[in-house]
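Worksheet: the structure to be examined is printed underneath.
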Amino acid sequence: MELLTSEDFNNTRIQPEWTAMDYLLEVVRVDQEKMQEQTFMNEKKNGRLKRKRRIQEENSKNKRPITSYPPKPLIPEGLKQHIVENMGGSNCVLVIQKQLFFSDVNPQASRLLIPFSQVESREFLNESEVERLKNKEAIQACLVEPSMEETEINFKWWDMRKNSMYVITTSWNSIVKNNRLKVEDIVQLWSFRVDSTLCFALQKL
């Protein structure tokens, strides 16, 4: 496990009113984010090694390797109906399915991290939106909460020391509170379009 460095705190915004406890909580938050990313990469690496060993064992028995793929997640019917019939939306794309960590529900952080390495597909953004995000411009978008309420959020791109992430900010604390989101909850973030405008929907599994 790597130790924290000053570069890990590049996106930390220190507030003048912070106490010693606030600084400690921020260190814990950054450490958990780093540990989450390292855990994901280790699991991904271990998964590749296991698949490689399995294929080698099958080849040694003169068996044709069988490749199986997990079923592609489907958008819940109730959410899809709301997007299509009530909002006139289309082109639903799963952005990420993730387990929430303390850093995702910490009210002092007030944002949802979406690591690039865990994103299901980046095709939900068009070229213009990618350029805006790379230029550090936030995209204002509508997010449909699990409660089906519609909330305005900011969608951003953060460059970390080793990794880049999408981030949802603005109103995130109220989304967490209104939908009783907590550590270890599994959520899906879907994107869709209303006309050509980017929108999102959050589903709690």
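From a predicted model like this one, the values you see are computed outputs, not experimental measurements.
The shortest distance between side-chain heavy atoms of His82 and Glu77 does not fall below 4.5 Å.
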(request) Kindly indicate, with the supporting measurements, whether the criterion side-chain contact (heavy atoms from CB on, under 4.5 Å) is fulfilled by Leu143 and Glu145. (result) CA-CA 6 Å; Leu143 182 141; Glu145 301 181 25; 4.0 Å; yes
Evaluate Met148 against Asn86 for side-chain contact (heavy atoms from CB on, under 4.5 Å), listing each step before the verdict.
CA-CA 11 Å; Met148 296 300 180; Asn86 298 345; over 6 Å; no
Exercise. Where do Val144 and Leu202 land on the side-chain contact (heavy atoms from CB on, under 4.5 Å) test, with the steps shown first?
Worked result: CA-CA 6 Å; Val144 180; Leu202 187 71; over 6 Å; no
With side-chain contact (heavy atoms from CB on, under 4.5 Å) as the criterion, how do Ile139 and Leu133 come out once you've worked through the C-alpha distance, each side chain's angles and the decisive distance to 0.1 Å? CA-CA 7 Å; Ile139 296 177; Leu133 291 172; 3.8 Å; yes
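Shown here are the side-chain contact (heavy atoms from CB on, under 4.5 Å) partners of Thr169, two or more places apart in sequence or in another chain: Arg111, Asn154, Lys156, Val167. Taking the side-chain contact (heavy atoms from CB on, under 4.5 Å) definition, one finds that Val176 meets it with Val105, Trp172, Leu181, sequence neighbours left out. Partners of Phe116 under the ring-ring contact (aromatic ring centres under 6.0 Å, His included) rule, at least two apart in sequence or in another chain, are Trp157, Tyr166. Not a single side chain to side chain donor-acceptor pair (under 3.5 Å) links Ser174 to another residue, sequence neighbours left out. Glu85 pairs by the side chain to side chain donor-acceptor pair (under 3.5 Å) definition with Gln81, not counting sequence neighbours. Scanning for salt bridge (charged side-chain N to carboxylate O under 4.0 Å, His left out) contacts around Lys134 gives an empty result, with sequence neighbours left out. A search for side-chain contact (heavy atoms from CB on, under 4.5 Å) contacts involving Arg180 returns nothing, not counting sequence neighbours. Under the rule for a side chain to side chain donor-acceptor pair (under 3.5 Å), Glu120 has no partner lying at least two apart in sequence or in another chain. By the salt bridge (charged side-chain N to carboxylate O under 4.0 Å, His left out) test, Glu137 pairs with Arg132, sequence neighbours left out. For Gln203, the side chain to side chain donor-acceptor pair (under 3.5 Å) test picks out no residue, with sequence neighbours left out.
Follow the hydrophobic side-chain contacts under 4.5 Å out from Ile83 and you never reach Val95; the two are in separate clusters. Linking Ile, Leu, Val, Met, Phe, Trp and Tyr whenever their side-chain heavy atoms come within less than 4.5 Å leaves Leu100 and Leu205 in two separate clusters. Ile114 and Phe102 fall within a single hydrophobic cluster, where Ile, Leu, Val, Met, Phe, Trp and Tyr are joined by side-chain heavy atoms under 4.5 Å apart, directly or via other members. Residues Met87 and Leu94 share a single hydrophobic cluster, defined by chaining ILVMFWY side chains whose heavy atoms lie under 4.5 Å apart. Linking ILVMFWY side-chain heavy atoms closer than 4.5 Å, directly or via other members, places Ile168 and Val119 in a single hydrophobic cluster.
Nearest heavy atoms, Cys142 versus Glu150: SG-CB, 3.8 Å.
Rounding to the nearest 0.5 Å gives a distance of 11.0 Å between CG of Leu113 and CG of Asn163. Rounded to the nearest 0.5 angstrom, Ile96 CD1 and Gln118 CD are separated by 4.5 Å. Expressed to the nearest 0.5 Å, how far SG of Cys199 lies from CD1 of Ile153 amounts to 9.5 Å. Rounding to the nearest 0.5 Å places OG of Ser147 at 11.0 Å from NZ of Lys204.
Evaluation of the side-chain hydrogen bond (donor to acceptor under 3.5 Å, both in side chains) test over residues 99-109, restricted to residues two or more places apart or in two chains, returns Asp22-Gln108, Lys98-Asp104.
Side-chain atoms of Ser164 never come within 3.5 Å of backbone atoms of Asp159 as a donor-acceptor pair (strictly under, hydrogens ignored). A donor-acceptor pair is defined here as one N or O able to donate and one able to accept, closer than 3.5 Å; such a pair exists between the side chain of Asn126 and the backbone of Ser128. A distance-only check finds no donor-acceptor pair linking the side chain of Arg193 to the backbone of Cys92 [under 3.5 Å].
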Could you pull out every donor-acceptor pair under 3.5 Å between side chains of residues 183-192 and any protein atom, sequence neighbours left out?
residue	atom	partner	partner atom	Å
Asp185	OD1	Lys182	NZ	3.2
Asp185	OD2	Lys182	N	2.9
Gln188	OE1	Trp190	NE1	3.0
Gln188	NE2	Gln97	OE1	2.7

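Crowding of Asn135 atom CG: a count of heavy atoms from other residues, nucleotides or ligands under 6.0 Å exceeding 12.
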